[in-house]
Amino acid sequence: MENIKAIRGFDDVFFEEAKKFRFITNTFRELFRIYNFEEIILPIVEYKELFDRSVGEITDIVQKEMFVFEDKSKRVLALRPEGTAGVVRSVIENGLLYKKPFLKLFYEGPMFRYERPQSGRKRQFHQIGCEVLGLEDPASDFEVIKLCFEAFKMLNIDITLEINSIGCPVCRPSYREALTSYLTNVEGLCKDCEERRFKNPLRVLDCKVETCKDLTKEAPVMLDYLCEDCSNHYKSLKTYLDTFNIPYKENPRLVRGLDYYTKTVFEFIKDGLTLLAGGRYDNLIESLGGPKTPAIGFAAGIERLMLFTEAKSEEPLYTVVYIEDTKLEAIKVANELRKNGKRVEIILKGSNLKKKLEIADKIGASFAIIIGPDELKKGIYILKNMFTKEQKEIKNLGDI
RNA sequence: GAGGAUGUAGCUCAGUUGGCAGAGCGAGGGAUUGUGGAUCCCUAUGUCGCGGGUUCGACCCCCGUCAUCCUCCCCA
């Protein structure tokens with residue numbers, strides 16, 4: 001019979017990888033705690049329409065990367081491709097914005113995009129992120145970026161922060177027009193850019209092809225077109241970043257793939273790969289039927305972070321090794337040590353002491369507590385250091 | 001959706017112009033029934049990704065398919 005295998009792009013995570021995963025999420029969770037965020041736990045399935053209306057109908061995420069299906073009553077549903085849409089839906093649906101002056105929420109969980117799997121990119125992947133709703137102050141942008149910056153420090157990942165402002169409905173149209181008319185007169189763009197030129201002109205500026213980069217060197221940049229409000233917002237953010245020594249690179253070509261962004265956008269990039277990205281979305285909540293509410297958030301790709309993360313070293317493992325007659329005593333020892341918070345394994349496999357020590361070694365023991373008939377008689381335990389081979393007799397397990 | 005590479009033991013990989021399937025690591029056992037990591041000895045690894053075709057004969061050649069990895073599009 002054919003063995004059942006996991007679905008393409010849906011990976012199992014175990015051992016070291018699982019530890020890394022948890023190290024990353026715990027790091028963010030700790031930061032969310034001290035920045036006073038609250039967790040929101042949301043469904044993985046939503047009406048497809050939610051993503052059409054938030055992420056944007058013309059984006060690739062919606063057009064070709066969503067897991068869409070009909071349920072038994074013919075509702076068109078989708079596995080969530082990102083987290084913000086669900087948060088906003090929930091906040092509106094539950095009237096959360098009326099319950100507090102502002103909201104700071106974080107989430108964590110699987111997201112789904114139907115793409116070709118490759119390094120740091122799976123069909124089921126995981127994001128951890130947050131949303132600040134109801135604050136328009138650029139200091140809130142700063143706080144969110146600062147939190148991310150701290151996270152990378154704690155994860156020991158050397159990273160580049162890039163920022164930009166992509167304006168708002170007041171100023172973006174005139175920029176878009178300027179850019180489009182500039183691009184119309186450019187010849188020799190790559191095949192992809194030929195399409196982007198109409199579909200999503202801002203993306204042309206982001207192209208990796210050298211000739212495209214050259215051809216768009218003189219292209220107008222958003223920063224020159226920002227309205228006063230957007231411009232001031234951007235300046236203030238930079239002032240905060242400078243004041244608190246957060247290094248960043250201004251990238252006037254930084255655009256984001258989702259439709260809902262306004263003003264501040266930012267990415268944390270490592271070796272050309274975006275590990276974390278976010279931005280402001282001051283109109284999304286209103287456009288989804290909620291009250292007009294400014295907001296900013298980010299999402300980090302956990303699998304991508306794992307590519308550059310070392311799991312933290314483990315706490316010592318104590319093993320209890322016994323002779324068949326003293327098995328009960330061994331279990332008692334384990335119970336006692338665990339009561340004291342130690343990580344303990346009883347070596348239940350292996351027929352003799354030699355074997356059991358070998359097994360203790362293989363599972364990575366730091367110590368072995370040896371308890372046999374002789375020790376039992378004398379009322380002692382042997383504590384063996386598995387690295388130095390040193391062993392000593394102890395009377396009380398509390399001394400360990 | 002497009003391009004490229006690769007699928008042989010648990011892992012890393014050899015393999016023959018087409019003629020019985022190999023190594024290392026790991027695993028299990030062992031003169032040592034109370035002391036592990038090194039060494040030594042023994043043992044088992046398997047539908048050669050799957051399906052078809054060519055052939056007396058296919059792991060090898062051909063077609064298809066699935067999967068993995070990488071790149072692009074796109075994105076965290």
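This one's a predicted model, so the numbers in the text were calculated from it and none came from an experiment. Here is how names work: the chains are called A, B, and so on, in the same order as the sequence lines, proteins then strands, and each is numbered from 1.
A tilted orientation is assigned to the rings of F37(A) and Y35(A), their planes being inclined by 30° to 60°. The aromatic rings of Y318(A) and F367(A) lie parallel to each other, their planes meeting at an angle below 30°, with 60° marking the opposite boundary.
The hydrophobic cluster around V170(A) extends to none of the other residues, as no ILVMFWY side-chain heavy atom falls under 4.5 Å of it.
When distances are taken from the side chain of L353(A) to each of G1(B), A76(B), G34(B), the shortest belongs to G34(B). Here the side chain of P117(A) is nearest to one of C73(B), C69(B), G28(B), namely C69(B). Side-chain proximity of E115(A) to G28(B), A76(B), A67(B): nearest is A76(B). Taking the side chain of K122(A) as heavy atoms from C-beta on, and the options C69(B), G37(B), G34(B), the nearest nucleotide is C69(B).
In this view, T27(A) satisfies the side-chain hydrogen bond (donor to acceptor under 3.5 Å, both in side chains) rule with no residue, not counting sequence neighbours.
For K64(A) against C74(B), a side-chain-to-base donor-acceptor contact under 3.5 Å is absent.
Taking 4.0 angstrom as the limit, K354(A) places none of its side-chain polar atoms (N or O) nearer than this to OP1 or OP2 of G29(B).
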Task: Watson-Crick and G-U pairing of RNA chain B written in dot-bracket, each distance under 3.5 angstrom, with | for inter-strand partners - done: (((((((..((((.....[..)))).((((.........)))).....(((((..]....))))))))))))....
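Under a 4.0 Å N-O distance rule, the pair K342(A)/E315(A) does not qualify as a salt bridge.
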